[in-house]
Amino acid sequence: AAAASSSSSTPNGARRAVAAAGGGAEAASPLRVNLIDSPGHVDFCSEVSSAVRLSDGALLVVDVVEGVCVQTAAVLRQAWDEGVTPLLVLNKMDRLVAELRLSPIEAWGHIKRILGQLNAIAGQFYTADRLVAEGGAAAALATGGDSGGGDDGGGDDGGGEGGGGEG
């Protein structure tokens with residue numbers, strides 16, 4: 001399940017942040033936090049999407065026994081696409097010992113695998129965004145850069161990035 005957290009935005013938000021950091025003389029006003037609980041089940045995709053759009057941050061709650069599910073990746077994708085920073089909460093950690101009878105080292109390994117899976121998902125999102133950004137730049141160069149020099153088809157020029165040809 002995913003729970004989204006939203007803090008209300010105010011016009012003096014920047015001043016409040018400076019005051020909270022100790023850099024201003026103005027007293028920090030209270031911060032309002034609205035929690036929007038949106039189930040992570042596939043039947044509630046639209047609710048998760050709406051909650052993410054309304055939020056400044058998100059708590060991604062992962063059952064440590066169940067681990068990373070398909071819907072976990074979908075919720076992370078929605079948060080990534082909306083620029084919402086997720087905070088991971090590993091839930092039901094007592095079940096590792098009580099139900100699965102894992103030793104402390106085995107439980108640590110299980111948690112480490114979950115974190116690795118989540119990092120791999122986030123890495124895929126980052127890589128996809130970089131490829132799109134670089135592909136867009138490459139496409140712009142390909143459509144606008146054919147008027148001069150061009151490629152003579154003669155092998156590697158040492159990496160292909162920023163390789164002259166202007167003028």
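Val89 and Trp108 are assigned to two separate hydrophobic clusters, defined by single-linkage of ILVMFWY side chains at heavy-atom distances under 4.5 Å. Both Leu115 and Leu96 are assigned to one and the same hydrophobic cluster, defined by single-linkage of ILVMFWY side chains at heavy-atom distances under 4.5 Å. Hydrophobic clustering (ILVMFWY, side-chain heavy atoms < 4.5 Å, transitive): Leu90 and Val97 are in distinct clusters.
Atoms CG and CZ, on Asp81 and Arg53 in that order, are 9.5 Å from each other to the nearest 0.5 Å. The CD atom of Gln71 sits 7.0 Å away from atom CD of Gln78, with the distance rounded to the nearest 0.5 Å. The distance from atom CD of Gln117 to atom OG1 of Thr72, rounded to the nearest 0.5 Å, is 9.5 Å. To the nearest 0.5 Å, atoms CD1 (Ile114) and CD (Glu66) are separated by 10.0 Å. Atom CG of residue Leu76 and atom CG of residue Leu118 lie 6.0 Å apart, to the nearest 0.5 angstrom.
Across all their heavy atoms, Ser55 and Val84 have their closest contact at O-CG2, 3.6 Å. The two residues Val75 and Leu60 have their closest heavy-atom pair at CG1-CD1, 3.9 Å. Closest non-hydrogen pair, Val64 versus Met93, comes out as CG1-CA, 3.6 Å.
Ring orientation note: the planes of Trp80 and Tyr126 are nearly perpendicular, at an angle over 60° on the 30°/60° scale.
Checking each of Leu100, Asp63, Leu102 against Arg95 for a side chain to side chain contact (heavy atoms under 4.5 Å, CB included) leaves exactly one that passes, namely Asp63.
Between Val65 and Lys92 there is no side-chain heavy-atom pair separated by less than 4.5 Å.
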